[in-house]
Amino acid sequence: MPELAEVEFYRKQWDASLAQAVARVAVHANKRIFRGTDVRVMTRALPGLRYRESFARGKQMLFRFGGQAWIGIHLGMTGKLRSEQLPFRPTKHDHLVITLKTVALVFRDPRQFGRVHFHQGTQPPDWWTKIPPAPTDRGFTQKLVEQFLARHRRLPIKATLLLQRGFPGIGNWMADEILWQSGVAPARKTAQLSETEVHRLWTTIRNVCRTAMRTIGRDFSDPPLDWLFHQRWSRTGLCPRHKTALNCAVIGGRTTVWCAKCQPS
DNA sequence: GTAAATGTTCGGGC
DNA sequence: AGCCCGAACATTTA
């Protein structure tokens with residue numbers, strides 16, 4: 001389920017054991033989540049290093065071990081992080097298990113759309129440094145949004161919001177929530193939005209992300225009850241404002257839910 | 001049995 | 001080169 005706030009929640013699941021040293025690393029080495037990673041180098045480098053700190057930017061996470069070993073994790077569609085008491089026996093989808101002194105750090109991902117990176121160096125890896133500002137960052141300015149929208153003029157706004165180069169951390173449910181709260185129909189082309197609508201979009205993006213971080217991101221508690229979030233999962237969901245049936249269609253390749261009254265075409 | 005799932009990445013067309 | 005679309009990836013659940 002991981003978008004911005006869920007990623008933040010999962011990142012913290014490993015932090016209970018900060019400063020403990022790695023005892024051993026167990027992996028399902030041939031799984032897809034390790035594509036592009038030298039698993040052998042990783043499993044040999046980590047033992048003995050202490051788990052030092054973690055970061056999240058958009059949907060990406062970065063974990064530092066010792067002075068110069070880094071694990072990057074993307075949760076894909078079904079990835080989750082958790083800590084388990086020892087002794088811990090991994091099951092089928094627990095593809096990465098880092099055993100520390102008193103706990104095991106576990107990355108589980110049934111569908112394996114997620115990914116594990118391993119990087120060595122005193123500085124974080126390049127792909128991490130180059131992640132653009134997320135909606136919760138100071139650098140996420142209206143001007144930046146305008147420039148990004150201008151590069152995707154013919155794309156439905158729903159599809160544009162899903163592009164991680166412009167909106168790191170926004171995923172399918174957040175995009176629907178943002179569009180509903182902004183009163184913008186998802187199928188409208190980016191270029192068709194008025195200045196007012198772009199401004200409202202920018203404000204709403206920041207509000208939705210901030211609120212999601214304070215609820216889901218903090219302890220996985222529910223976001224406000226009047227959000228579309230609570231209605232969009234079921235086929236019988238209703239618009240929180242009008243109590244009328246929601247529309248549902250594939251837009252930008254993804255299931256999209258909206259209210260025709262709140263979001264006129 | 002079939003469809004759909006909170007995500008990226010690739011190849012092809014324009 | 002940059003933009004846009006659709007298929008592909010792997011597994012579980014409704």
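Worth knowing before you read on, the calculation uses all heavy atoms, side chains too, and leaves out hydrogens, waters and symmetry mates. A note on names: the letters A, B, ... follow the listed sequences, proteins ahead of strands, and every chain is numbered from 1.
- The CZ atom of A/Phe148 sits 11 Å away from the C1' atom of C/dC3 (whole-angstrom rounding).
- Residue ring and nucleobase are stacked for A/Phe113 and C/dC9, with a centre distance beneath 5.5 angstrom and an angle between planes beneath 30°.
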Chi angles and distances behind the ring pair (Phe, Tyr, Trp, His ring centres under 6.0 Å) call for A/Trp70, A/Phe65: CA-CA 6 Å; A/Trp70 312 75; A/Phe65 292 81; 9.7 Å; no
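- Of the two residues near DNA chain B, A/Thr255 and A/Arg35, the one whose nearest nucleotide lies more 5' is A/Thr255.
- Counting to the nearest Å, the C1' atom of B/dA3 and the CZ atom of A/Arg111 are 12 Å from each other.
- In this structure, the CZ atom of A/Arg235 is 11 Å from the C1' atom of B/dA4, given to the nearest Å.
- With rounding to whole Å, A/Trp127 atom CH2 is found 11 Å from B/dT9 atom P.
- One finds no salt bridge joining A/Glu6 and A/Lys59 here, because no Lys/Arg side-chain nitrogen approaches an Asp/Glu carboxylate oxygen to under 4.0 Å.
- Remark: aromatic rings of A/Phe229 and A/Trp233 are close, center separation under 6.0 Å.
- Proximity of A/His93 to the phosphate of C/dT12: a side-chain N or O atom is located under 4.0 Å from OP1 or OP2.
- Between the CD atom of A/Gln60 and the C1' atom of B/dG7 there is a distance of 11 Å, rounded to whole Å.
- For A/Arg32, the listed nucleotide lying nearest its side chain is C/dA10; candidates were C/dA10, B/dA4, B/dT8.
- Regarding contacts with the backbone of B/dA5, every side-chain N or O of A/Thr78 stays at 4.0 angstrom or more from both OP1 and OP2.
- With C/dC3, C/dC5, B/dT8 as the choices, the nucleotide that has an atom nearest any side-chain atom of A/Pro156 turns out to be C/dC5.
- When heavy atoms are screened at a 4.0 angstrom cut-off, A/Arg254 is found touching base atoms of the nucleic acid.
- In this structure, the CG atom of A/Asp109 is 12 Å from the C1' atom of C/dC9, given to the nearest Å.
- For the pair A/Gln112 and C/dT11, the criterion of a side-chain N or O lying under 4.0 Å from OP1 or OP2 is met.
- When both pairing distances are held under 3.5 Å, B/dG13 makes a Watson-Crick or G-U pair with C/dC3.
- Counting any heavy atom pair closer than 4.0 Å across all strands shown, A/Arg154 reaches sugar-phosphate atoms only and no base atom.
- Remark: P of C/dC3 and CD1 of A/Ile157 are 15 Å apart, rounded to the nearest angstrom.
- When heavy atoms are screened at a 4.0 angstrom cut-off, A/Gly171 is found touching the sugar-phosphate backbone but no base atom.
- The side chain of A/Lys92 contributes no N or O atom lying less than 4.0 Å from OP1 or OP2 of C/dT11.
- Using a 4.0 Å heavy-atom criterion, one finds that A/Lys189 contacts no nucleic acid atom at all.
- Nearest heavy-atom pair, A/Thr190 versus A/Thr160, reported as atom, atom and distance to 0.1 Å: OG1-OG1, 2.9 Å.
- Between the P atom of B/dT9 and the CE atom of A/Met77 lies a distance of 13 Å, rounded to the nearest Å.
- Annotation: A/Phe167 is in aromatic contact with A/Phe148 [ring centroid separation under 6.0 Å].
- For the OP1/OP2 pair of B/dG7 and a distance below 4.0 Å, the side-chain nitrogens and oxygens of A/His74 include no atom meeting the criterion.
- Taking 4.0 Å as the cut-off between side-chain N and carboxylate O, A/Lys158 and A/Asp176 count as a salt-bridged pair.
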